[in-house]
Structure formats: C-alpha cells, structure tokens
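As structure tokens, the structure follows; a few thoughts come after it.
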Amino acid sequence: MSTDAIVLLKQDHKEIRRLFREFQQAGEDATARKAKLVDDIIEILTVHTYIENEVMYPRVRELLPDLEDDVLESYEEHHVADLLVVELAGMNPSAERFDAKTTVLIESVTHHIEEEEQDWFPKVRDGLGRKVLQQIGAEMQEARKKAPRRPSQPSALKKTVDAVLS
Ligand SMILES: [Fe+2]
Ligand SMILES: [Fe+2]
C-alpha cells in the first residue's frame with residue numbers, strides 16, 4: 001500500500017466529504033442520525049488536523065520555505081475549524097444552532113480541502129517528489145496511531161490553546 005502523503009490525505013478528504021454529504025442529505029428531522037454524523041465528522045477532523053499539523057505542515061515548511069505563507073494560512077483555517085468543532089462537541093444536537101454551526105463548519109472545511117487539493121498539493125508534489133512524500137506519509141501513519149480522536153483530549157486542545165495564545 002502506498003504511503004504517499006498526498007494520497008493518504010486525499011483519502012481522508014474523500015471520507016470527510018462523504019460524511020458532509022450525508023449530513024446535508026439527512027433531512028430536517030433526522031436529529032439522531034445527524035448527531036451521529038457530526039460525531040463521526042468531529043472524530044475524523046480531529047485526527048486529520050492532528051496529522052497535518054504535526055507532520056505534513058512542519059515538514060513542508062522546513063523543506064519548501066517558499067510555501068510558508070500557505071502553511072501559515074492553513075494553520076489559521078484549521079484553527080477556525082477547531083473552534084467550531086469544540087463548540088459542536090459540547091452542543092446538544094437538538095439545539096437551535098446545531099445544524100447552522102455544522103453547516104458553517106462544512107463550508108469552511110470544504111473551502112480548505114479544495115485549496116489543498118487544487119492549489120497546494122500540486123505545488124508540494126512538484127517540490128518534494130515521490131520519495132520524500134512516501135517518507136512523510138509513513139510518518140503520518142505513525143502519528144495517526146497516537147492522534148487524539150476527540151477535541152477534548154489534551155493533545156487536540158493544546159493546538160487550539162496555542163493558536164489563541166501565541
Ligand atoms: Fe488542512
Ligand atoms: Fe487536509
């Protein structure tokens with residue numbers, strides 16, 4: 001199985017988009033189903049954000065300094081999503097603002113994923129080449145094993161706190 005970092009991240013993106021679509025198609029009254037979907041969305045975003053923040057972004061920043069501004073923008077976009085995720089994780093699914101907040105999360109993350117796939121990944125692939133991307137991917141698979149799955153776990157929360165305070 002390929003450990004190409006971009007291939008792995010795109011697989012995550014595909015699953016994230018699938019969950020987004022299911023939420024959007026779930027219908028007005030499907031509260032329990034939407035609660036479960038949001039739970040799954042929170043988990044996959046928490047893991048995905050962790051492996052990008054901890055491995056992909058720092059490696060690219062170090063190896064391709066020209067892409068530093070893109071990386072910094074990505075950290076900020078992750079941070080906006082983190083805040084929404086933390087709020088959603090603590091929210092009752094029948095609350096008036098639950099669907100609206102999820103919709104804003106979906107819009108924001110979809111925009112970010114599109115930027116990564118259409119603009120950023122091609123630049124990273126050109127700059128790093130296949131061998132380095134395989135190494136970074138292998139490192140991400142290792143990080144995935146110890147990644148937080150809930151935003152309340154200290155390793156997930158730390159990122160949000162760092163972003164607010166630093
Ligand atoms: Fe990202
Ligand atoms: Fe991503």
Side-chain angles (χ1 to χ4, degrees), residues 1-24 37-89 101-130 132-153 155-164 166:
M1 208 184 90
S2 168
T3 62
D4 182 292
I6 290 174
V7 172
L8 294 174
L9 292 173
K10 279 187 172 172
Q11 283 168 3
D12 276 7
H13 290 174
K14 198 173 164 199
E15 175 63 10
I16 291 166
R17 283 206 195 85
R18 187 187 67 75
L19 291 167
F20 285 175
R21 267 197 311 276
E22 284 201 34
F23 180 90
Q24 287 165 330
L37 284 167
V38 168
D39 221 54
D40 291 347
I41 287 169
I42 287 172
E43 179 171 330
I44 193 169
L45 287 180
T46 303
V47 174
H48 183 79
T49 300
Y50 180 84
I51 64 173
E52 285 191 343
N53 283 351
E54 297 293 324
V55 181
M56 185 69 175
Y57 293 169
R59 293 298 163 271
V60 172
R61 189 177 183 180
E62 179 189 319
L63 297 167
L64 301 173
D66 284 356
L67 297 188
E68 176 154 78
D69 285 353
D70 291 335
V71 170
L72 290 172
E73 188 183 321
S74 284
Y75 275 126
E76 291 305 318
E77 289 181 348
H78 280 196
H79 172 54
V80 169
D82 285 346
L83 294 175
L84 293 166
V85 160
V86 165
E87 289 177 10
L88 270 175
K101 205 177 281 291
T102 304
T103 298
V104 172
L105 176 68
I106 288 175
E107 285 169 359
S108 153
V109 171
T110 300
H111 161 83
H112 175 70
I113 284 177
E114 278 168 9
E115 259 181 12
E116 285 190 333
E117 294 198 348
Q118 286 160 24
D119 181 49
W120 199 63
F121 287 166
K123 289 194 254 179
V124 171
R125 183 170 292 292
D126 280 352
L128 294 184
R130 198 207 297 225
V132 175
L133 283 170
Q134 298 265 358
Q135 287 161 1
I136 295 175
E139 226 184 305
M140 282 199 306
Q141 293 298 64
E142 277 308 302
R144 196 185 286 277
K145 292 179 193 161
K146 56 171 183 159
R149 316 197 79 82
R150 308 301 307 168
S152 53
Q153 284 174 255
S155 50
L157 206 61
K158 183 181 168 296
K159 276 288 158 198
T160 307
V161 173
D162 285 352
V164 173
S166 61

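All ligand and atom numbering here is 1-based and tracks the order in the structure.
Side-chain atoms of Tyr50 never come within 3.5 Å of backbone atoms of Arg144 as a donor-acceptor pair (strictly under, hydrogens ignored).
Between atom CG of residue Asp39 and atom CD1 of residue Ile44 there is a gap of 13.0 Å, rounded to the nearest 0.5 Å.
When only modelled atom types and interatomic distance are considered, Glu116 and His112 share a side-chain donor-acceptor pair under 3.5 Å. Side-chain atoms of Arg21 and Gln24 include no donor-acceptor pair closer than 3.5 Å.
Listed by chain and number, the protein N, O or S atoms at a distance under 2.8 Å from the Fe ion (ligand 2) are His13 NE2, His48 NE2, Glu52 OE2, Glu116 OE1.
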- Query: Passes salt bridge (Lys or Arg N to Asp or Glu O under 4.0 Å), Asp4 versus Arg125? Steps please.
  - Reply: CA-CA 10 Å; Asp4 182 292; Arg125 183 170 292 292; 3.0 Å; yes
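For residue Tyr57, an N/O/S atom approaches the Fe ion (ligand 1) to within less than 2.8 Å.
Put simply, the side chain of Glu114 reaches to within 4.5 Å of the side chain of Thr110, judged on heavy atoms.
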